[in-house]
There are 2 protein chains.
Amino acid sequence: MERPQPVLSGELLTAVAETGPMSRASLLSASGLSRATVTQRLNAFIASGLLMEADEMRPSGGRPSRLVCLNAEAALVLAANIGESHIRLAATNLDLAVKAQVTIAFSIDEGPEGTLDRISAAFVDLLRSLSREAAEVAGIGLSLPTPVDFRRGRVVGPSVLHGWDEFDIAAYLGRSWSAPVWVENDVNLMALCEYRQSFRDTPDMFFIKAGTGIGSGIISGGQIFRGAQGAAGDIGHIQIAAKDEPPLCRCGKFGCIEARAAGWAIARDLAAFGRLASNARDIITLVEMGVPEAIMLLRNAGRTIGEVVADVVSILNPARIVVGGTLARGGEHLLSGVREMVYQRCLPLATRDLEIVQATTPSDSALLGAAMLVREQVFAPANIDAFIQRFAR
Amino acid sequence: MERPQPVLSGELLTAVAETGPMSRASLLSASGLSRATVTQRLNAFIASGLLMEADEMRPSGGRPSRLVCLNAEAALVLAANIGESHIRLAATNLDLAVKAQVTIAFSIDEGPEGTLDRISAAFVDLLRSLSREAAEVAGIGLSLPTPVDFRRGRVVGPSVLHGWDEFDIAAYLGRSWSAPVWVENDVNLMALCEYRQSFRDTPDMFFIKAGTGIGSGIISGGQIFRGAQGAAGDIGHIQIAAKDEPPLCRCGKFGCIEARAAGWAIARDLAAFGRLASNARDIITLVEMGVPEAIMLLRNAGRTIGEVVADVVSILNPARIVVGGTLARGGEHLLSGVREMVYQRCLPLATRDLEIVQATTPSDSALLGAAMLVREQVFAPANIDAFIQRFAR
DNA sequence: ATTCTTTTGTATAATATCATGCAAAAGAAT
DNA sequence: ATTCTTTTGCATGATATTATACAAAAGAAT
């Protein structure tokens, strides 16, 4: 066995991947290595095809620096987002630009083996359409609408996905793919996507998704906060007391915030007013049409969610609350309900610098988040050597 | 300027400090360095007085390994815990064994300058009593009963300590001491102490302190979780709705858990029964005497706290809840109230492997926690070089 | 056009680290 | 007492990295 060339030690690659295009001078000070070493290693990486010289130059008063950046086409990232009724898949380059994508049908009742086989097949099709090979895949990311134990690569606990509990997803996909596989909860990935795309300035951020269901993702120090089993942020079934009779939740308890503020709960309450809505999007349509009952219920839902967000603010002390999901698209109604309760309930210190904003909600942020997660993991110090060994030529 | 000897690169020192006594063989595999390098560096550290050979040997079937450990007497740690009426101070060695301690009086109204000057003077006295010098202090840790921005070394937000808001404690003490200074909230330090002393197996842990007030500390991945401004865990003023008229809290809001379950609130409710208690300890005394009203109120307080803990479990997904503070000493009454609400309200996944236990509450755990924090920081990779430069001889 | 400033590449000798191999140490197993 | 196993120390030549110095590059300022 030949030992890997030490010149391809991964620190510089990790630095460029995390920071973006960098000048040699900034790499020099960031790495703490000597100039000779940096030059030598960069040349080796450029020769190996993993890094390349960018066109950009950064004027600095003196000689402008030539930037070094990742060769985005050196490898591919595969990502899939399993939704309630369909699966969206994408292949991206290392800059996370989507090169090809496809959507396939999905049923909740499909077991893990069948689903994963179909995902694998769809990935193969994507690769074929790009004339690329499986060996060019840097990593695979899966987004699931259920709590996931990230470390073990499995679904944990009973959920909407029947038969997935404790199924070893990473190992199963590992049989067909040599690339590493990561699995994560969809709301966590939406949170990651929002953070990376729009809110880089607040590495301590709380993302709440209000749609058909209610969930949340916690970003702490720029990383997904997962808790002991990966169930952190699972706030849909926190119970809230109010003066009314607490409504029955689909989890079997009474008064959960889902049963008060989720899309299905608002639809239920709209029905009592004789208004028909079958999902969260319908509700937003009614709100946009100016139906007063819909507006009132949406704002009330914001207050309910705000009660829990107020607790979250006291517990986590985030710098920013980002409200996303379909229900957040109805203008300011949901948001102002949230704000109302948070500013009413929290101590001044926690709200002094707190921003409560709407998500930018790019379409399919969970899918993009899955690709981001893969990229982050592939270039993490713990995994960078494996990446180099596979892709340096 | 002379460059530091590269042989004294700190990785091995950090490894020994974090892991405890280690054999050369385990250091070899843990560091990834070659045997020759490990030998060379260890000899340098032993010669410099920072490491030493332990007496222990670890039988392994072959030649027993001689363990290398920190020279606990190579430096001192100074710690102070500012309480509501007095300040406790201690000097420990690097194994956190207390070498000398003292308690001085303190008043809430004393400003930061006067207080810190008196703390400095007390530290000087401690050093003199040990015949040690200020140059031998590896670091100073301060515990304060108020939210602290750890990164900036200051109190943030108005609190019981008047005039301390935004006062730069680290900088002020830095004028008299060359050792680095760290400041942290007392409940966070109690949480750290509990984790390190008794619950090493659960690096995702939630500590709740129920005494005169109510606060909490979050340990995530073995580290204190601080949030954006250091106010994470400040849960005393989370509001809870119930059927009764919500009681007025000392913060000015109604229905805070402090106003329902803290020592002062229980004392207030005991007074309504004609029972006199002026602090948390009095309440525990009444409970131990078997006074039924006191037991009932304590259990009720447990339920109130349990409602918030249930939310925390849903949000953070900890592996263990540790209940501490004076009110936790009243046997199982408080604890069972907490358990009752958590198991009633949380989803099975989050409680499946959740343990809810009593704190071991060593006396003055915040003071010990402050010393632990200093030790952790001094030997952290970011600071280890500074430590070596100061103490290697 | 000249000077200034910062970036970048390269050369050199000194130093640190590495893999490898060998031998000694010391308790455990026989 | 002998063998086994693991730990430890050290020597060696090869390789990598460093500090230092010098020179070239290239736009900005004058």
Side-chain angles (χ1 to χ4, degrees), chain A residues 1-16 19-48 51-69 384-385 388-389 392, chain B residues 1-16 19-48 51-69 384-385 388-389 392:
Chain A
M1 197 175 85
E2 207 175 337
R3 74 181 167 120
Q5 291 182 48
V7 184
L8 290 180
S9 162
E11 306 152 58
L12 296 179
L13 201 53
T14 297
V16 173
T19 317
M22 294 175 81
S23 71
R24 285 164 169 82
S26 55
L27 271 168
L28 208 152
S29 59
S31 68
L33 299 169
S34 73
R35 174 154 53 239
T37 310
V38 169
T39 301
Q40 186 193 15
R41 290 193 183 178
L42 281 184
N43 287 343
F45 276 123
I46 290 172
S48 77
L51 291 178
M52 52 189 270
E53 212 139 76
D55 294 334
E56 281 178 86
M57 297 211 167
R58 197 164 288 170
S60 60
R63 169 175 172 174
S65 53
R66 277 177 298 169
L67 300 189
V68 174
C69 67
I384 188 69
D385 289 338
I388 292 171
Q389 206 145 20
Chain B
M1 197 172 82
E2 205 176 337
R3 73 179 167 123
Q5 290 181 49
V7 183
L8 290 180
S9 161
E11 306 154 58
L12 296 178
L13 200 53
T14 297
V16 173
T19 317
M22 293 175 82
S23 70
R24 285 164 169 82
S26 55
L27 270 168
L28 209 152
S29 58
S31 67
L33 299 169
S34 75
R35 176 155 54 240
T37 310
V38 169
T39 301
Q40 186 193 14
R41 290 194 183 176
L42 283 184
N43 287 343
F45 277 122
I46 289 172
S48 77
L51 290 178
M52 52 187 273
E53 211 138 76
D55 294 335
E56 280 179 88
M57 298 212 166
R58 197 164 287 169
S60 60
R63 169 177 174 174
S65 54
R66 277 178 297 169
L67 300 190
V68 174
C69 66
I384 187 69
D385 289 339
I388 292 171
Q389 206 146 20

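Below, chains carry the letters A, B, ... as their sequence lines are ordered, and counting in each starts from 1.
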For [X] and [N], give me the distance from atom [atom1] to atom [atom2], rounded to whole Å.
X	N	atom1	atom2	value
B:L42	D:dC10	CG	P	12 Å
B:E53	C:dA26	CD	P	11 Å
A:L28	D:dT20	CG	P	14 Å
B:L27	D:dT8	CG	C1'	13 Å
A:N43	D:dA16	CG	P	15 Å

I want to verify a distance call: between [options], whose nearest atom is closest to the [X] side chain?
X	options	result
B:T39	C:dC18, D:dG9, D:dT8	D:dG9
B:R24	C:dC18, C:dG9, D:dG9	D:dG9
B:R41	C:dT17, D:dG9, D:dT18	C:dT17
A:R66	D:dT7, D:dG27, C:dG9	C:dG9

Can you list the residues that meet the side chain to side chain donor-acceptor pair (under 3.5 Å) rule with B:T37, with sequence neighbours excluded?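 Checked B:T37 against side chain to side chain donor-acceptor pair (under 3.5 Å); matches are B:S34.
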By side chain to side chain donor-acceptor pair (under 3.5 Å), which residues pair with B:S48, not counting sequence neighbours?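 Once residues adjacent in sequence are excluded, B:S48 has no partner under the side chain to side chain donor-acceptor pair (under 3.5 Å) criterion.
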A:L33 or A:P64: which one's nearest nucleotide on DNA chain D is closer to the 5' end? A:L33
Could you report the tightest heavy-atom contact between B:G10 and B:I388, atom names first, then the distance?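 The answer is CA-CD1, 3.7 Å.
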I want to check one thing: is the phosphate of [N], taken as OP1 and OP2, less than 4.0 Å away from some side-chain N or O of [X]?
X	N	value
B:Q40	C:dA16	no
A:S65	C:dT7	no
A:T37	D:dT18	yes

Roughly how far, to the nearest 0.5 Å, is CG of A:L33 from CG of A:L27? 9.5 Å
Dot-bracket for DNA chain D: what is it, with Watson-Crick or G-U pairs under 3.5 Å, [ ] where a pair crosses earlier ones, and | for a pair to another strand? ||||||||||||||||||||||||||||||
When you compare the side chain of [Y] with that of [X], does any pair of heavy atoms fall below 4.5 Å?
X	Y	value
B:S31	B:L12	yes
B:I384	B:E11	no
A:L13	A:R41	no

Residue list, side chain to side chain contact (heavy atoms under 4.5 Å, CB included) with B:R24, at least two apart or on another chain: B:L42, B:I46, B:E53, B:R66, B:V68
Tell me every residue that passes side chain to side chain contact (heavy atoms under 4.5 Å, CB included) with A:S23, counting only those two or more places apart in sequence or in another chain.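 Residues passing side chain to side chain contact (heavy atoms under 4.5 Å, CB included) with A:S23: A:A25, A:S26, A:S65, A:L67.
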Under-3.5 Å N/O pairs linking protein and nucleotides 21-25 of chain C:
from: C:dA25; atom 1: O4'; to: B:R63; atom 2: NH1; distance (Å): 3.3
from: C:dA25; atom 1: N3; to: B:R63; atom 2: NH1; distance (Å): 3.2

